[in-house]
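Scroll down for the structure; my scribbles are underneath it.
Counting starts at 1 for both ligands and their atoms, in listed order. All heavy atoms count here, side chains included; hydrogens, waters and symmetry mates do not. No experiment lies behind these values; they were computed from the predicted model shown.
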Amino acid sequence: MRAKNLTGGGKGIHLEDIIESLRKYRSDADVRDILGAYAFASKVHGGQARLSGEPYMSHPMEVALLLTQLKMEPSVIATALLHDTVEDTDATVEDISKLFGEEIARMVEGLTKLAKIRFRTREQRQAENVRKMVLALSEDIRIVIIKLADRLHNMRTLEHLPSHRQKAIALETLDIYAPIAGRLGISWMKSELQELAFMYVHPVEHKKLGKKLAERQEELEKIIQAICNQTKEILMKEHIACDVTARVKNPYSIFKKMKQQELDYDQVHDIIGVRVITASRSDCYRVLGQVHEQWKPISGKLKDYIAIPKENMYQSIHTTVVTGNGRRVEFQIRTQQMHMVAENGIAAHWRYKDGSGLKAADDDGFMWIRRLIDMGRSLDDSEEFLENVKLDLFPDEVYVFTPNQEVKAFPKGATPLDFAYAVHTEIGNHCVSALVNSNPVDLDYLLENGDTVEVITSQTQEPDREWLKIVKTSHARTSILSYIRSREREDAIRLAEQIIKTELSKFGLEPEKYFTPEALATAATGLGFKNTELLLQKIGFSKMPVYGFLQKLLPPEAWTKIRTERQSSIKGFIQKILRRKSAEAPAVQVGDLKNRLVRFAQCCNPVPGDRIFGYITSGQGMVIHTKSCPLLKKLEPDPKKLVEAQWDVEAKKQLHPVRIVVHSANQPGQLATITAAIASCNANISTAVVAQVDAKWGELDITLEIEDLPHLNRVLEAVKKVDGVKSVKRIMQKDLGWTNETGESKIQEKIDRGSG
Ligand code: MN
């Protein structure tokens, strides 16, 4: 292969330079993909040129060369050559997959995705979420490293771009890519990116600082020389073998310090840094001891990152001391191995089967990489390690865009509803659907990294209990629950008001007169409630008996009226019938006796039309049950005590109590609508209790006064037709807590307990 044919561009980079650089750390590398990638990229980039006038290929080749400096594997070098083909030419990911396989295609695809991210404002770019998103979008740590190399070459050649583009790219570099390089521990890249960006972002300050440093260059060099020599001398006396270097700190780090501490240049004292590289860990501490013995350390400046490494595995001892002439100098003390990690970070771990095994390093506590890699997989050999470096960097999180390009983080499994609640509770409460990347999706769609999410709201939309199954974030969950609870509370209040008004009307007491806000407030205070809402909620949720409340609400004479009437209407219900029976014609004919004393069982509440039995009780006469009464079956009665009975069709119509349970949507005014439906069938309601309420459904336990079976069926039909009613059932209880053996109710007791 001859260099002439492989010339990439103006600066004279050749494909052979890349291969040669690769061979230095991987002599046996298979370079077929690299050659193929070069040929393919050259063809598709064709006549494209960079703004510098160089052929376009010079850029991917420089990026590839940079990556050989990081000792990247051949597939990464090939990917670098291809990295702009999908973004800038007609080539597709499929083309690349066919030619170079899945692995390279996936990396090119990842780089293409990254190239499309744009952030409008500085605040957006500076958000931690943005950096995490870039990392998460990469899916493979090698994609991030290629992206960093790409950005570094673009920064090195930024001078050819128009100035507004220069500033935008430099800002993005400072906000996103330099911190990522730092995060991955590749510190030389981080500081080069920062220094280059500094020049474009703050050109005036950059120039000023450069001038100041240049003016003092001679003086600074003398100081550096002196301190270097002095340090070496001290350490030599102690027989500590080490390399000592000193330098003026980077302009950008001086600039940052000036800004952070609001200092002028002349006030920044510690602009000189000394680095001591030792042979062993224990030597680091010996060096520290000698340095502190020689110079006075500044308190609070000693940081032992050897004992406690940084998250990105950085290890070093830092200390700042005051030297003879009052100048502050920062010392960084570390071993050769630590130094390599400090410079190349994650890239320092790309090692091949060349003897310098990963195993030793692995034992050294490469915990953070292990954390990044899927747990459970072994890192036994380096090939496998490389496989495993395809990481899910943030396995539990997903990063998405708002329509304004803001990045929001969610737990994995989050849905557009979580997103909606994260934007604003009101947006969440009214969310009807969502667009993801402009396509409509269901509310239970699972958000993916890089999605752009837009919420569609409607003022009529309300949170639904079902939503709790869809959302993943606790914020959304609590917002939905608190909405539902407050809606339930409102419903309970409305229901309570209806119950109270119905009860009052039933006893001929005008609600307008007795159920006034003032009377309500007095009753609430009297019953120990903080406010009237809480009291009404309790009644609505059936946690407080309505008669207990009425007793407090009403003036004594009105309450007495209710109590008396209620006692006569309920306790006296059977007696009334019995009285009527003896006085008038009985409703039931047992055998051929018409005027026999009978009572109607409260468990099954027979009505004319039901098939019935008479049950003879000792000392309490005859109790009438329906033939299907579950309680009667449960009592296993002596057949001798059971008597066939018939309804007396000629008897005057009497009223019989019947319990029904209505399962109905819990909506405002529902009790009133149901009551009206019952009234339209000429049936009276003797009690109505809200048995159970949740957000959606309510259960009404109603006791009616019914003439006969057809009458009951008419009522059931009418209630069934009410909008929102799901079911209506006649209740025959297997066991009434308050029923004795005969099925006769202990109604008096019930009234005393105040239960409606
Ligand atoms: Mn590029």
Side-chain angles (χ1 to χ4, degrees), residues 8-11 13-15 17-18 21 33-34 37-70 72 75-93 95-96 100 104-119 125 134-135 137-162 165-178 180-181 184 186 189-190 192-193 196-197 200 347:
K11 276 182 188 167
I13 180 171
H14 297 168
L15 183 57
D17 300 335
I18 297 167
S21 178
D33 275 346
I34 296 176
Y38 173 79
F40 179 81
S42 304
K43 197 178 127 211
V44 295
H45 284 297
Q48 289 176 350
R50 304 200 86 210
L51 286 171
S52 62
E54 290 176 302
Y56 193 86
M57 273 310 283
S58 64
H59 166 64
M61 289 173 79
E62 292 284 359
V63 174
L65 189 65
L66 267 172
L67 289 163
T68 62
Q69 283 160 24
L70 285 167
M72 293 287 124
S75 63
V76 172
I77 309 304
T79 305
L81 292 170
L82 296 166
H83 81 268
D84 279 332
T85 56
V86 174
E87 173 75 3
D88 292 345
T89 78
D90 295 332
T92 64
V93 174
D95 295 338
I96 290 172
F100 305 102
I104 289 176
R106 241 185 340 95
M107 287 196 273
V108 173
E109 189 180 17
L111 286 156
T112 310
K113 266 196 245 165
L114 281 182
K116 286 184 181 142
I117 303 184
R118 295 274 179 276
F119 300 96
R125 281 193 311 268
V134 168
L135 289 170
L137 262 183
S138 306
E139 280 159 8
D140 180 333
I141 197 81
R142 295 172 301 179
I143 295 174
V144 188
I145 294 172
I146 299 169
K147 180 69 197 177
L148 289 174
D150 174 37
R151 177 52 58 110
L152 182 56
H153 184 246
N154 284 335
M155 286 303 295
R156 283 176 179 177
T157 54
L158 202 58
E159 70 209 70
H160 305 293
L161 260 56
R165 291 281 296 134
Q166 285 177 346
K167 186 146 185 185
I169 293 174
L171 272 168
E172 197 183 64
T173 301
L174 218 47
D175 294 339
I176 303 173
Y177 293 102
I180 287 176
L184 297 181
I186 313 172
M189 240 185 198
K190 175 189 165 188
E192 190 176 341
L193 286 170
L196 287 165
Y200 294 100

query: By salt bridge (Lys or Arg N to Asp or Glu O under 4.0 Å), which residues pair with Asp150, not counting sequence neighbours?
result: Lys147
- request: State whether a side-chain donor-acceptor pair under 3.5 Å links Arg50 with Ser58.
  value: no
query: Does Glu109 reach the side chain of Val86, with side-chain heavy atoms less than 4.5 Å apart?
result: no
- request: Taking all heavy atoms of Met61 and all of Ile13, pick out the closest pair and write down the distance.
  value: O-CD1, 3.5 Å
message: Short of 2.8 Å from the Mn ion (ligand 1), name each protein N/O/S atom, waters not counted.
response: His59 NE2, His83 NE2, Asp84 OD2, Asp150 OD1
field: Test item: side-chain donor near acceptor, His59 and Glu62, under 3.5 Å
entry: no
- prompt: For Phe100 and Ala37, which heavy atoms make the closest approach, and how far apart are they?
  reply: CE2-N, 3.4 Å
